Amino acid sequence: MRGFPGKHTLTPGKVEGMKRSSTGAVSIIGIGKTKYGVFAEKTLLDLALEAGRKALEDAGIGIEIVEAFYLANYAGSDFVSQNHLAPYVGSTLGLKRGVPCTHVENACASGGSAVREGILAILSGTARVVLVIGVEKMNTVPTPKVTEFLAKAGDWENEVKVGYTFPCAFAMMARRHMYQYGTTAEHLAAVTVKNHWNGLKNPDAHMHKHVTIEMVLEDKRIVADPLRLYDCSLITDGASAVVMCGSEAAGNFTEKPVRVLGFGQANDSFTLYHKEDVTRFDSIVEAARLAFGAAGLEPGDVDVAEVHDCFTIAEIIAIEDLGFVPKGHGGPATLDGLTSLEGKFAVNPSGGLKTKGHPVGATGVDQLVEVALQLREEAEERQVRNAEIGLTHNIGGSGATSVVHILGRV
Amino acid sequence: MKRVKVYKCSVCGGLQAPPAYLCRSCGSGGLEEKEISGEGILYTYSTVYVPLASLESEAPYTVAIVELEGGCRITGRLEAGPRAKLFIGAGVELTEIRDGVCFFNIRNDRPGKERSL
């Protein structure tokens with residue numbers, strides 16, 4: 001059956017008389033996502049439409065009141081031979097004629113960047129209600145081809161041509177992190193074990209598999225040494241979506257709006273070898289500074305975070321550069337349980353990119369979906385207790401783009 | 001000894017590998033091409049077992065970031081053979097530039113010293 005059963009125009013009255021945002025605050029009023037996994041029978045369009053429809057339903061609105069649409073996708077032209085993706089999805093979803101549809105591509109940070117564009121559209125007054133969908137359909141080609149498509153986010157002429165892949169990039173960071181700070185394979189395995197444990201509690205996750213540190217350390221499947229298969233995120237099909245509006249109107253739509261307290265996006269050297277120190281992402285440090293500054297908060301205020309664990313070492317670097325732990329302490333902090341569901345600050349309760357999966361364009365959007373679920377106390381088995389402040393952290397390439405959002409219960 | 005082409009800043013003298021438009025150290029323009037020695041040390045490296053589709057026949061292969069004169073870093077391939085001892089700080093030298101890719105090997109005369117934490 002094509003299309004979706006049920007009523008498409010739910011509550012058009014809610015937007016009449018709604019003012020353009022004037023308080024400088026934006027709230028998430030609807031979230032939606034598909035299951036994450038390998039879905040041979042579903043097209044990119046199927047996935048995007050399902051996530052978008054669920055987010056609109058969650059907000060209790062019809063598509064006709066959406067005034068701007070952003071579509072995050074990394075490599076639709078490679079994976080499914082489709083370009084011009086934003087109006088492709090938007091028009092099929094039933095957006096009113098005349099609504100601007102914009103595709104955002106910032107490698108693995110496409111999703112976070114698209115959400116930020118949506119926030120800016122509301123703050124600028126050009127749109128009152130914004131829909132953002134992130135989607136990637138990746139399981140259309142064998143793994144070496146996926147690796148090659150993903151590698152296009154690196155510098156072809158100076159890195160990729162040499163044989164550099166993203167597992168290789170993060171492996172080179174890991175080796176240097178081990179050298180400078182004494183990080184060990186056991187520390188990396190602690191990230192794997194935690195995110196597998198959390199993923200077991202997430203029915204929408206791509207992978208449900210309990211692993212132990214011993215199992216991870218004994219596994220010999222090396223992808224790019226010192227990183228093994230268990231250090232790598234998954235090749236996933238999936239889509240996620242959020243609906244946002246100015247905070248003053250959010251109460252018209254939902255009893256549980258989630259407010260964007262701060263956001264930041266920053267760049268860094270595009271190439272890995274030009275970074276001053278490959279164990280640090282200056283783009284994360286700057287994006288976090290902007291987001292925490294706007295929110296008037298500090299890292300210690302965060303109860304729950306979804307961070308970009310494309311590889312285990314990336315989560316360790318992230319919790320350091322976001323300011324949760326001092327530089328070099330990310331591995332021991334994870335092994336000590338500081339970032340577990342019951343820890344001082346829960347990191348990747350969803351299972352992260354590691355087990356929830358990493359449909360590249362969807363990832364940055366889904367991080368906000370998960371944190372919103374946590375702040376709405378709807379995360380069921382993986383609910384972080386008393387979660388009031390949440391953070392999302394999304395990176396592109398070897399850190400050339402970083403996007404941070406800080407969300408709060410209102 | 002093979003040499004490698006990089007850019008030298010005419011203001012601060014800083015060296016950097018391409019791509020370059022302005023000096024990454026001082027921000028000024030006026031970069032000049034300069035050939036420097038292909039001798040350096042391993043800054044970091046990884047042996048790739050899941051390669052790009054186009055390099056499947058060459059896997060596993062080792063990618064390295066090498067630190068050359070003046071801290072100038074470059075990404076290249078390390079062809080040291082299966083028995084070579086690789087470590088951060090190991091001495092390497094440029095052996096060949098093939099299709100624009102720099103190939104390095106371990107220097108047997110100056111192997112460098114492995115640091116333990």
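As the structure is a computational prediction, the values presented were derived from the model and not from experiment. Chain A is the first sequence line, chain B the second, and so forth, proteins listed ahead of strands; every chain is numbered from 1.
The parts of B/Ile65 that come within reach of chain A are both its backbone and its side chain, each placing non-hydrogen atoms under 4.5 angstrom from that chain. Both the backbone and the side chain of B/Ser54 come within less than 4.5 Å of a heavy atom of chain A. Of the two parts of B/Ala17, the backbone and the side chain both hold a non-hydrogen atom closer than 4.5 Å to a non-hydrogen atom of chain A. Proximity to chain B (any heavy atom under 4.5 Å) is shown, for A/Val278, by both the backbone and the side chain. Looking at B/Pro18, the atoms closer than 4.5 Å to chain A (heavy atoms on both sides) sit in the backbone and in the side chain alike. Both the backbone and the side chain of B/Pro19 come within contact range of chain A, judged by heavy atoms closer than 4.5 Å.
Residue A/Tyr273 comes nearest to B/Thr75 through the heavy atom pair CD2-OG1, 3.0 Å, listed as atom of the first residue, atom of the second, then distance. Looking at every heavy atom in both residues, B/Leu52 comes nearest to A/Tyr164 through CD2-O, 4.0 Å. The two residues B/Thr44 and A/Arg176 make their nearest non-hydrogen contact at OG1-N, 4.0 Å. Of all heavy-atom pairs between A/Gln180 and B/Tyr43, the closest is OE1-OH, 4.4 Å.
Judged by distance alone, the side chain of B/Arg24 and the main-chain N or O of A/His274 form no donor-acceptor pair under 3.5 Å. Between the side chain of B/Tyr45 and the backbone N or O of A/Met172, no donor-acceptor pair lies under 3.5 Å.
Taking 4.5 Å as the heavy-atom cut-off, the residues of residues 93-106 of chain B that approach chain A are B/Asp99, B/Gly100, B/Val101, ordered by number. Scanning residues 219-229 of chain A against chain B with a 4.5 Å heavy-atom cutoff picks out A/Ile222, A/Val223, A/Ala224, A/Asp225, ordered by number.
Contact count versus chain A (heavy atoms, under 4.5 Å) is highest, among B/Val50, B/Ile88, B/Ile74, for B/Ile88. When each of A/Glu276, A/Met173, A/Arg175, A/Lys145 is checked for heavy-atom pairs under 4.5 Å with chain B, A/Arg175 comes out on top. Between chain B and the options A/Val141, A/Leu150, A/Thr143, A/Val162, heavy-atom pairs under 4.5 Å are most frequent for A/Val162.
Taking CG of B/Leu55 as the reference point, atom OG1 of A/Thr147 lies at 11.5 Å (rounded to 0.5 Å). Going from atom OH of B/Tyr49 over to atom SG of A/Cys168 covers 12.0 Å, rounded to the nearest 0.5 Å.
Pairs engaging residues 50-74 of chain B under the salt bridge (charged side-chain N to carboxylate O under 4.0 Å, His left out) rule: B/Glu58-B/Arg77, B/Glu67-B/Arg73 [sequence neighbours left out].
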Enumerate donor-acceptor pairs with a distance under 3.5 Å from any side-chain N or O in residues 153-160 of chain A to protein atoms, sequence neighbours excluded.
{"unit_1": "A/Asp155", "atom_1": "OD1", "unit_2": "A/Glu157", "atom_2": "N", "d": "3.1"}
{"unit_1": "A/Asp155", "atom_1": "OD1", "unit_2": "A/Asn158", "atom_2": "N", "d": "3.1"}
{"unit_1": "A/Asp155", "atom_1": "OD1", "unit_2": "A/Asn158", "atom_2": "ND2", "d": "3.4"}
{"unit_1": "A/Asp155", "atom_1": "OD2", "unit_2": "A/Asn158", "atom_2": "ND2", "d": "3.1"}
{"unit_1": "A/Glu157", "atom_1": "OE2", "unit_2": "A/Lys161", "atom_2": "NZ", "d": "2.6"}
{"unit_1": "A/Glu159", "atom_1": "OE1", "unit_2": "A/Asp155", "atom_2": "N", "d": "3.2"}
{"unit_1": "A/Glu159", "atom_1": "OE2", "unit_2": "A/Leu272", "atom_2": "N", "d": "2.7"}

